[in-house]
A.B. asks: 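Quick one: this structure, given as structure tokens, is what I'll be asking you about.
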Amino acid sequence: MSKSPVTCHVLDSSIGKPAAGVPVQLQQLRSADDPTSGFVTLAEGVTDYDGRCMQLYPEAAPGQKREDLIKLQAGGLYKVMFKTKDYFKSTGRTCFYPWVEITFEIVNPAEHYHIPLLISPYSYTTYRGS
């Protein structure tokens, strides 16, 4: 199976280790003409032991390929939501940001979009990965 067109990697910079078990959602803006229309969830996942979520696809019905269910749109706005509070709570810590939303625009749908996130209980940072 190929990896999804959007993947992510979460590292807990406060302990210098991957953040395993972070719930992740891939969402798409409903209407580019109306930014207030809200986002719809396309797929959900959870980071693995290495802090990666490489298969952000919706569940496929019988006879469908998961790879065919998400087609990124040029000019489309998407976001990845990381439920950081769930992660920190599972490790016995509190945090200031209960979730992190990273919104991005698709320029070329043929490209792969990798979204790394570095978190600690009171900060986060991101960049476009490769």
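Computed from a predicted structure; not experimentally measured. All residue numbers refer to positions in the sequence shown, counting from 1. In what follows, every heavy atom counts, from backbone to side chain, and hydrogens, waters and symmetry copies are set aside.
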A.B. asks: Is there a chain of hydrophobic side chains (I, L, V, M, F, W, Y, each step under 4.5 Å between heavy atoms) that links Leu72 to Phe104?
C.D. replies: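 Yes, Leu72 and Phe104 fall within the same hydrophobic cluster.
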A.B. asks: Leu118 and Tyr127: which non-hydrogen atoms are nearest, and at how many Å?
C.D. replies: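 Scanning both residues completely, I find the closest heavy atoms to be CD1-CE2, 3.9 Å.
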A.B. asks: Taking all heavy atoms of Ser120 and all of Asp12, pick out the closest pair and write down the distance.
C.D. replies: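 Scanning both residues, the minimum pair turns out to be CA-OD1, 4.4 Å.
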A.B. asks: Ile102 and Val6: same hydrophobic cluster, using ILVMFWY side-chain contacts below 4.5 Å?
C.D. replies: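 Yes.
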A.B. asks: For Phe82 and Cys8, run side-chain contact (heavy atoms from CB on, under 4.5 Å): C-alpha distance rounded to whole Å, both residues' side-chain angles, the deciding distance at 0.1 Å, then the answer.
C.D. replies: CA-CA 10 Å; Phe82 300 89; Cys8 60; 3.7 Å; yes
A.B. asks: Any link between Tyr97 and Val24 through a network of hydrophobic side chains (Ile, Leu, Val, Met, Phe, Trp, Tyr) touching at under 4.5 Å?
C.D. replies: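 Yes, Tyr97 and Val24 fall within the same hydrophobic cluster.
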A.B. asks: Can you find a heavy atom in the side chain of Arg52 that is under 4.5 Å from one in the side chain of His114?
C.D. replies: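 Side chain of Arg52 against side chain of His114, heavy atoms only: contact under 4.5 Å found.
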A.B. asks: Of all heavy-atom pairs between Tyr113 and Val107, which one has the smallest distance, and what is that distance?
C.D. replies: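 Tyr113 and Val107 have their closest heavy atoms at OH-N, 3.2 Å.
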A.B. asks: Scan Val100, Thr103, Leu26, Leu117 and name whichever one has a side-chain contact (heavy atoms from CB on, under 4.5 Å) with Val80.
C.D. replies: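 It is Leu26; the other options fail the test.
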A.B. asks: Mind running salt bridge (Lys or Arg N to Asp or Glu O under 4.0 Å) on Lys83 and Glu101 for me, showing each step along the way?
C.D. replies: CA-CA 9 Å; Lys83 296 181 180 178; Glu101 295 179 340; over 6 Å; no
A.B. asks: To the nearest 0.5 Å, how far apart are CD in Glu44 and SG in Cys53?
C.D. replies: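 One gets 10.5 Å once the value is rounded to the nearest 0.5 Å.
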A.B. asks: Return the CD1 to OH distance between Ile119 and Tyr124, rounded to the nearest 0.5 Å.
C.D. replies: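 The OH atom of Tyr124 is 11.5 Å from CD1 of Ile119, to the nearest 0.5 Å.
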A.B. asks: Where is the tightest heavy-atom contact between Lys71 and Tyr78, given as atom of each residue plus distance?
C.D. replies: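 It is O-OH, 4.0 Å.
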A.B. asks: Decide yes or no for Arg30 and Gln28: does some side-chain heavy atom of the first lie under 4.5 Å from some side-chain heavy atom of the second?
C.D. replies: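 No; the side chains remain at least 4.5 Å from each other.
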A.B. asks: Is there a path of hydrophobic side-chain contacts, each under 4.5 Å between heavy atoms of I/L/V/M/F/W/Y residues, joining Ile15 to Tyr122?
C.D. replies: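 Yes.
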A.B. asks: Please determine whether side-chain contact (heavy atoms from CB on, under 4.5 Å) holds for the pair Thr126 and Ile115, giving the CA-CA distance in whole Å, both sets of side-chain angles, and the decisive distance to 0.1 Å.
C.D. replies: CA-CA 7 Å; Thr126 188; Ile115 314 293; 3.9 Å; yes
A.B. asks: Quick one: does Ser13's side chain get under 4.5 Å of Leu11's, heavy atoms only?
C.D. replies: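 Not in contact.
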A.B. asks: Give a yes or no on whether the backbone of Asp50 and the side-chain of Asp48 come within a donor-acceptor separation of less than 3.5 Å.
C.D. replies: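 At least one qualifying donor-acceptor pair exists.
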A.B. asks: Any heavy-atom pair between the side chains of Asp86 and Val22 that's under 4.5 Å?
C.D. replies: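 Result no, sub-4.5 Å side-chain heavy-atom pair not found.
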A.B. asks: Rounded to the nearest 0.5 Å, what's the gap from OG1 on Thr94 to NZ on Lys89? Could you check?
C.D. replies: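 It is 11.5 Å, given to the nearest 0.5 Å.
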A.B. asks: Checking side-chain polar atoms at under 3.5 Å, does Thr7 have a donor or acceptor matched by the opposite partner on Ser4?
C.D. replies: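 Checked: Thr7/Ser4 side chains show no N/O donor-acceptor pair below 3.5 Å.
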A.B. asks: Checking the side chain of His9 only, and the main-chain atoms of Thr47 only, is there a donor and an acceptor separated by less than 3.5 Å?
C.D. replies: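 Answer holds: no.
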A.B. asks: Looking only at heavy atoms, which two atoms of Tyr87 and Arg93 are closest? And how far apart?
C.D. replies: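 Taking every non-hydrogen atom into account, OH-NH2, 3.5 Å.
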A.B. asks: Take atom NZ of Lys79 as the centre, draw a 6.0 Å sphere, and report whether it contains more than 12 heavy atoms from other residues, nucleotides or ligands.
C.D. replies: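 More than 12 within 6.0 Å, yes.
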A.B. asks: For Phe88 and Pro121, which heavy atoms make the closest approach, and how far apart are they?
C.D. replies: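 Heavy atoms of Phe88 and Pro121 come nearest at CZ-N, 3.6 Å.
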A.B. asks: Does Leu56 share a hydrophobic cluster with Leu42, counting links as ILVMFWY side-chain heavy atoms below 4.5 Å and allowing steps through other members?
C.D. replies: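 Yes.
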